Amino acid sequence: MGCRLNLAEGESIRALLTGRDTIVVNSCAVTNEAVKQTRQAIRRARREQPDAELVVTGCAAQIDPAGFAAMPEVNRVIGNAEKLSSEAWQARDAVLVQDIMAIRETAPHLAASFSTHARAFVEVQNGCDHRCTFCVIPYGRGNSRSVPAGAVIDRIAALAENHAEIVLTGVDLTSYGPDLPGAPSLGQLVERILTHVPQLHRLRLSSLDGVEIDDRLFALLTQEPRLQPHVHLSLQAGDDMILKRMKRRHNRAESIALTERLKAARPEIAIGADLIAGFPTEDEAMFANTLALLEDCDVVHPHIFPYSPRAGTPAARMPQVAPEIVKARAARLREAAATRRSRWLQSLIGSAQQVLVERPGDRGHAGNFAEVRMPHAQVGDIVTVTIKAVQDGKLIA
């Protein structure tokens, strides 16, 4: 469930459980809807495989272990700190969840194989030191901690033998490094990967916090051809008062200036963004500022979330927007984002794109992360194609 980090960790769990009749639900807690979907997945998995061992792990399980342990479908609950430990999977404790805030290191427990994926996801950072007022994820993941560069490079070198593209993941990826000797930055890590793994064709970064994109990382994003032209930013809102109430560290003008600089230096960069509709106290004028941010920041890969209060967060105690208004604003954001994205896809007709083939025969992603359907090709290959049309939100090559 949920983020790319969970996907990466899921592969590590899969390797630990080879040969066992076990279902693992790697849960998400980013929204109330994510928790609801986790519970639905648990019930569905139990109906489909009534005799298998069913274990729940991930952020929702870390935050509410007792609630998941009480579900009749669940045999065991394992915490985020334990889920990548072989000892935890050999133990028989019904609930094995420790205080995530006490964890100070992230071991290089990176997946050895992504046999079912053309791209491989590598965790380089976990946890978060920031406390946005709407977010419970630090309580599911703990404080920020980084994987040493040497371990990351060794794992990427091994994965690059069978994967043309690697995606670096983390809970707060741009906070990589301060806890390590010498306090390396994310930009320094990227430089070392590209230098020491010359056989790696494509490197992609997951979500970035714009205020932590320093000059070194900016230069790599805009000048390094192996680093893909796709920047996903954690923007969340386009109104300064809402951003302040969210306890974000940037303002509207800074978001716009960053995306303008990125596009000016490398015009083919495609901007993605997380945006929340209906945050507490948001009025129509504030929402209009977020709506306008789609154009102002040239967002073509939107992740739109309707706000839902999470118990224990400061935002849950703020004056709430009526649920029907939240839902309507999220729908308006998605509609505007779809129109914006459609225009962008149409603009790519006639262009040449390098596509990593990810599904049997005919589907993959370009460097800008547009999904492309093409003539038959081998999964894992990078092919150069010409875009001929747009159909159902996908490029046809």
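Only a predicted model underlies this, so the values are computations on that prediction, with no experimental measurement involved.
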Kindly list each side-chain donor-acceptor pair under 3.5 angstrom involving residues 41-52, sequence neighbours excluded, with atom names and distances?
from	atom 1	to	atom 2	distance (Å)
R46	NE	E73	O	3.2
R46	NH1	Q49	O	3.1
R46	NH1	P50	O	3.2
R46	NH1	A52	O	2.7
R46	NH2	A52	O	3.2
R46	NH2	E73	O	2.9
R46	NH2	N75	OD1	3.0

Quick one about [Y] and [X] (side-chain donor to acceptor, distance below 3.5 Å, no hydrogens or angles considered), yes or no?
X    : Y    : value
H163 : R119 : no
S234 : R248 : yes
E53  : T22  : yes

Out of curiosity, does [Y] fall in the hydrophobic cluster containing [X] (side-chain heavy atoms, cut-off under 4.5 Å, transitive links)?
X    : Y    : answer
I276 : V299 : no
V30  : V35  : no
L194 : F218 : yes
V390 : V355 : yes
I242 : L233 : no

Flag, side chain of [X] to backbone of [Y], donor-acceptor distance under 3.5 Å:
X    : Y    : value
Q223 : P225 : no
Q320 : M318 : yes
D129 : S144 : yes
N26  : E9   : no
K263 : I269 : yes
H250 : L235 : yes
T133 : P314 : no

Side chains of [X] and [Y] in contact at under 4.5 Å (non-hydrogen atoms):
X    : Y    : result
L293 : D239 : no
K36  : N32  : no
C28  : C59  : no
V55  : V25  : no

TODO: Would you kindly check if the NZ (Lys) or CZ (Arg) of R131 is within the cone defined by 45 degrees around the ring axis of Y139 and under 6.0 Å from the six-membered ring centre?
DONE: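 Verdict for Y139: a cation-pi partner in R131.
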- [ ] Establish, for the pair R76 and F68, whether the NZ or CZ atom is under 6.0 angstrom from the six-membered ring centre and no further than 45 degrees off its axis.
- [x]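 No cation-pi geometry.
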TODO: Test L294 against every option in L275, I271, T339, V300 by the side chain to side chain contact (heavy atoms under 4.5 Å, CB included) rule and name the one that passes.
DONE: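 That would be L275.
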Distance-minimising heavy-atom pair for [X] and [Y]:
X    : Y    : answer
Q188 : A183 : OE1-O, 4.1 Å
A160 : V197 : CB-CG1, 4.1 Å
L17  : V24  : CD1-CG2, 3.4 Å
V77  : A61  : CG1-CB, 3.9 Å
T31  : S308 : CB-OG, 3.9 Å
Y176 : P148 : OH-C, 3.9 Å

Using side-chain contact (heavy atoms from CB on, under 4.5 Å) as the criterion, list what pairs up with [X], not counting sequence neighbours.
X    : answer
E87  : S85
I396 : R373, A389, Q391
V321 : E282, I325, V326, R329
R192 : A149, I153, H196

Distance-only criterion, 3.5 Å: show the donor-acceptor pairs between side-chain atoms of residues 344-351 and protein atoms not counting sequence neighbours.
from	atom 1	to	atom 2	distance (Å)
S347	OG	W344	O	2.5
S351	OG	L348	O	2.6
S351	OG	Q353	NE2	3.0

Taking distance alone, no hydrogens or angles, what donor-acceptor pairs closer than 3.5 Å link side-chain atoms of residues 331-338 to residues at least two apart or in another chain?
from	atom 1	to	atom 2	distance (Å)
R332	NH1	E284	OE2	3.0
R332	NH2	E284	OE2	3.0
R334	NH2	I304	O	3.3

Task: Test salt bridge (Lys or Arg N to Asp or Glu O under 4.0 Å) applied to R245 - qualifying residues, sequence neighbours left out - done: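 Result, salt bridge (Lys or Arg N to Asp or Glu O under 4.0 Å) vs R245: none returned.
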Task: Pairs involving residues 386-397, ordered by first then second residue, that meet salt bridge (Lys or Arg N to Asp or Glu O under 4.0 Å) (sequence neighbours left out) - done: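 Output for this query is empty, none listed.
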Task: salt bridge (Lys or Arg N to Asp or Glu O under 4.0 Å) partners of residues 214-232, not counting sequence neighbours, each pair once - done: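 Matches after skipping sequence neighbours: E191-R216.
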- [ ] May I ask you to decide whether E358 forms a salt bridge with R363, counting only side-chain N to carboxylate O separations under 4.0 Å?
- [x]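 Salt bridge: no.
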Task: D274: partners by side-chain hydrogen bond (donor to acceptor under 3.5 Å, both in side chains), with sequence neighbours left out - done: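 Only H232, H303 meet the side-chain hydrogen bond (donor to acceptor under 3.5 Å, both in side chains) criterion with D274.
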About how many Å separate [atom2] of [Y] and [atom1] of [X], when rounded to the nearest 0.5 Å?
X    : Y    : atom1 : atom2 : answer
L258 : I213 : CG    : CD1   : 5.0 Å
R261 : L221 : CZ    : CG    : 10.5 Å
N368 : E268 : CG    : CD    : 8.5 Å
L227 : R266 : CG    : CZ    : 6.5 Å
R310 : F134 : CZ    : CZ    : 12.0 Å
H301 : H230 : NE2   : NE2   : 4.5 Å

- [ ] Evaluate the salt bridge (Lys or Arg N to Asp or Glu O under 4.0 Å) criterion for residues R252 and E254: first the C-alpha distance (whole Å), next the side-chain angles of each, then the deciding distance (0.1 Å), finally the verdict.
- [x] CA-CA 5 Å; R252 176 189 179 82; E254 288 167 340; over 6 Å; no
Task: Verdict with reasoning, I156 to L168, per side chain to side chain contact (heavy atoms under 4.5 Å, CB included) - done: CA-CA 10 Å; I156 290 177; L168 301 188; 3.9 Å; yes
Task: V357 vs Q378, side chain to side chain contact (heavy atoms under 4.5 Å, CB included): CA-CA, chis, key distance, verdict - done: CA-CA 7 Å; V357 184; Q378 182 70 35; over 6 Å; no
Task: Check against side chain to side chain contact (heavy atoms under 4.5 Å, CB included), R202 and I166 - done: CA-CA 6 Å; R202 305 199 332 181; I166 301 293; over 6 Å; no
Task: Hydrophobic cluster partners of I382 (side-chain heavy atoms under 4.5 Å) - done: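 Reading the cluster by chain and number, I382 sits alongside L356.
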